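These notes are about the structure you will find just below.
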Amino acid sequence: MFSTRIKIKELLLSEKVNYQATVMGWVRTFRNNQFIALNDGSTNNNIQIVATLGMFDEATLKRITTGACIKATGEVIASLGKGQKVELKADSIEILGDSDAEKFPLQPKKHSLEFLREIAHLRFRTNTFGSVFRVRHALSFAIHDFFTKKGFIGIHTPIITASDAEGAGEMFKVTTLPLDGTAPKNEDGTINFKDDFFGRSTNLTVSGQLEGELAAMAFGNIYTFGPTFRAENSNTTRHLAEFWMIEPEMAFYDLEDNMNLAEEFIKHIIRYAMDNNREDLEFLAQRLDEEEKQKPQNERSEMGLIEKLEFVINNDFERITYTEAIEILRESNHNKKKKFQYIIDKWGIDLQSEHERYLVEKHFKKPVILTNYPKEIKAFYMRQNDDGKTVAAMDILAPGIGEIVGGSQREERMDKLLKRMKEMHIPTEELDWYLDTRRFGACPHAGFGLGFERIVQFVTGMGNIRDVIPFPRYPKSASF
RNA sequence: UCCUCCUUAGCUCAGUUGGUUAGAGCAUCUGACUGUUAAUCAGAGGGUCGUUGGUUCAAGUCCAACAGGGGGAGCCA
């Protein structure tokens, strides 16, 4: 057995001294030819390894460079210096992997996030990304934990799908047909997919919702948590071409049940990260704080990261209807003074992100759940309200990020659903399997979708979504 | 996709109204020092100024196109 190591987090946490230990990790700095700051990714805190002068040969010391991987064995003692409680006085140091100091790009200094994105394969070794991805994992675990405790069944919906009728966005084609122009064609010149791998045209999924609804019609409560793909040419700080989405779907839920679950869910996973990743969040809070100081006074956020998260956990989300939101916006001084780029004048228009931000950041200063949107601006499967104008939709808007959750009560009445599909030119033949849920034992049900990276952004305070997924995919970029 | 800003050493950035040999800090290398905390001190190396084309006696500096990046918008999660 090779790994007899103790993790640095455990070693530092116990504060026990006077025992033999082995640590393994990557060198952050090597000071004074004696003091190695070693990190193993279990925490941002490094263990100080003391290589007593004269105990190690010159050749070994030369190989202890920033980025090198080493194994050190010795006695854990109370530190003789300030700055750490314990340190490891090395009896032996073994270089497991050299790192050419002239070529290793990470330095013990502040790097820009843009530069680190170019070396995404190495950025895991920085404090910022160490914290971000530990928090990401905690949130991921908390999601499964939340739904499991509530008796939800996790469903793996397909990544390759045949349907392209959901209208959730542009899709990536999946094919094994040749791309050199020799693929079989129909008489009208379009590609004939009969000889393709699946014998039909297929795409990467844009949502697991429709399949999720099928499972909910058997298990009652289900959730999906998987990768999702959108071939939109979106170049923003909150869009990715490949992202992870959580989509719960619940039988016997109406819109209010749906909102209650979504709010409880968000609070639960934030609470989990606060309880289990305090150190990482404090590091990220400090990082954000320094970043904020670079901004002009009027652009700085009023709350620090920890404060903001506490606030979200401890306060009810504001719940208003679309109609009320339009009223608030129309009557706002911001609107009257024509400070919006898009002036709010009539009911029925879609809200622009400037309006969402006004509601969340200026007016309510807390997360807002917007409900009952006009049916014209929402998807075909949303349940039609009795007023004939709106649907039982809900979006949760978060400060700094905007839409974090989109959901609705689903239209379970076959006649209404079919009518709406026709109006919106959704091909019913292709979705016949979906319509079976309405044919055989239809029931009131609801669900929502939550972009995982967006909640990771919210919790870590990272401004760019490309910095909360290890290897981001976006237009013109699929490195690593 | 649209608007806008940016691109100078490995990194972060200076570079004046266009003018001779393009600078700094950090990193790297060499040496000194040795209980340091992004160690310190001394010295050295390191640049086709994003690419291509244009204006000019002269371009890092002005103009254009393209590429890449940032911020904002749209689409959305």
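Just so it is clear, the model here is predicted, and its values are computed rather than measured. Below, chain A is the first sequence line, B the second, and so on; all start at residue 1.
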Output yes when a side-chain donor or acceptor of [X] lies under 3.5 Å from a complementary backbone atom of [Y], and no otherwise.
{"X": "Arg230(A)", "Y": "Ala241(A)", "answer": "no"}
{"X": "Glu376(A)", "Y": "Gly348(A)", "answer": "no"}
{"X": "Ser477(A)", "Y": "Tyr474(A)", "answer": "no"}
{"X": "Thr65(A)", "Y": "Ser99(A)", "answer": "yes"}

Next on the checklist: With nearest nucleotide decided by heavy atoms, which residue, Arg466(A) or Glu453(A), maps closer to the 5′ end of RNA chain B?
Outcome noted: Arg466(A)

Checklist entry - Which sits closer to the 5' end of RNA chain B, Phe243(A) or Gly463(A), going by the nucleotide each is nearest to? => result Gly463(A)

Any idea which of [options] is nearest the [X] side chain?
{"X": "Asn464(A)", "options": "A77(B), G71(B), C75(B)", "value": "G71(B)"}
{"X": "Tyr474(A)", "options": "G69(B), A73(B), U28(B)", "value": "G69(B)"}
{"X": "Arg357(A)", "options": "C76(B), G71(B), A73(B)", "value": "A73(B)"}
{"X": "Gln107(A)", "options": "U28(B), A77(B), A27(B)", "value": "A27(B)"}

Whole angstrom is fine here: how far is it from [atom1] in [X] over to [atom2] in [N]?
{"X": "His239(A)", "N": "G71(B)", "atom1": "NE2", "atom2": "C1'", "result": "16 Å"}
{"X": "Leu61(A)", "N": "U30(B)", "atom1": "CG", "atom2": "P", "result": "13 Å"}
{"X": "Arg28(A)", "N": "C26(B)", "atom1": "CZ", "atom2": "P", "result": "21 Å"}
{"X": "Ile349(A)", "N": "G74(B)", "atom1": "CD1", "atom2": "P", "result": "12 Å"}
{"X": "Ile266(A)", "N": "A77(B)", "atom1": "CD1", "atom2": "P", "result": "14 Å"}
{"X": "Glu354(A)", "N": "C3(B)", "atom1": "CD", "atom2": "P", "result": "19 Å"}
{"X": "Tyr342(A)", "N": "G72(B)", "atom1": "OH", "atom2": "P", "result": "16 Å"}
{"X": "Met462(A)", "N": "G70(B)", "atom1": "CE", "atom2": "P", "result": "13 Å"}

Item to check | ring pair (Phe, Tyr, Trp, His ring centres under 6.0 Å) evaluation trace for His355(A) with Phe340(A) | outcome: CA-CA 8 Å; His355(A) 304 131; Phe340(A) 286 128; 4.7 Å; yes

Between [N] and [M], how many Å separate the two [atom1] atoms, rounded to a whole number?
{"N": "A22(B)", "M": "U48(B)", "atom1": "P", "answer": "12 Å"}
{"N": "U40(B)", "M": "G47(B)", "atom1": "P", "answer": "26 Å"}
{"N": "G45(B)", "M": "C5(B)", "atom1": "C1'", "answer": "35 Å"}
{"N": "G50(B)", "M": "A67(B)", "atom1": "C1'", "answer": "8 Å"}
{"N": "G31(B)", "M": "U52(B)", "atom1": "C1'", "answer": "46 Å"}
{"N": "G60(B)", "M": "G15(B)", "atom1": "C1'", "answer": "8 Å"}
{"N": "A39(B)", "M": "C49(B)", "atom1": "P", "answer": "34 Å"}
{"N": "G70(B)", "M": "A64(B)", "atom1": "C1'", "answer": "23 Å"}

Taking 4.0 angstrom as the limit, do [X] and [Y] come out as a salt bridge?
{"X": "Glu279(A)", "Y": "Lys9(A)", "answer": "no"}
{"X": "Arg420(A)", "Y": "Glu423(A)", "answer": "yes"}
{"X": "Asp40(A)", "Y": "Lys7(A)", "answer": "no"}
{"X": "Arg383(A)", "Y": "Asp254(A)", "answer": "no"}

How many angstroms lie between [atom1] in [X] and [atom2] in [Y], if you round to the nearest 0.5 Å?
{"X": "Glu411(A)", "Y": "Met382(A)", "atom1": "CD", "atom2": "CE", "result": "12.0 Å"}
{"X": "Phe172(A)", "Y": "Glu242(A)", "atom1": "CZ", "atom2": "CD", "result": "8.5 Å"}
{"X": "Met424(A)", "Y": "Lys378(A)", "atom1": "CE", "atom2": "NZ", "result": "11.0 Å"}

Just checking [X]: base, sugar-phosphate only, or nothing, at a heavy-atom cut-off of under 4.0 Å?
{"X": "Lys476(A)", "value": "sugar-phosphate"}
{"X": "Thr236(A)", "value": "base"}
{"X": "Ile404(A)", "value": "sugar-phosphate"}

Checklist entry - Between Ser353(A) and A73(B), is there a side-chain N or O to OP1/OP2 distance below 4.0 Å? => result yes

Checklist entry - Going by modelled atom types, is there a donor-acceptor pair between the base of C75(B) and the side chain of Ser234(A) at under 3.5 Å? => result yes

Next on the checklist: Counting Watson-Crick and G-U wobble pairs with both distances under 3.5 Å, what is the dot-bracket string for RNA chain B, 5' to 3', using [ ] for crossing pairs and | for pairs to another strand?
Outcome noted: (((((((..((((.....[...)))).(((((.......))))).....(((((..]....))))))))))))....

Next on the checklist: Does the protein touch nucleotides 34-52 of chain B at the base, only the backbone, or not at all? Give it as B, S and - per nucleotide, heavy atoms under 4.0 Å.
Outcome noted: BBBBBB-------------

Checklist entry - For RNA chain B, which residues in residues 112-119 of chain A have a heavy atom at a distance below 4.0 Å? => result Ser112(A), Glu114(A), Phe115(A), Arg117(A)

Item to check | Trace of the side-chain contact (heavy atoms from CB on, under 4.5 Å) decision for Ile77(A) with Val17(A) | outcome: CA-CA 5 Å; Ile77(A) 58 168; Val17(A) 290; 5.6 Å; no

Next on the checklist: Please find the pair of heavy atoms, one from Asp91(A) and one from Met55(A), that lie closest to each other, and give the distance.
Outcome noted: O-CE, 3.9 Å

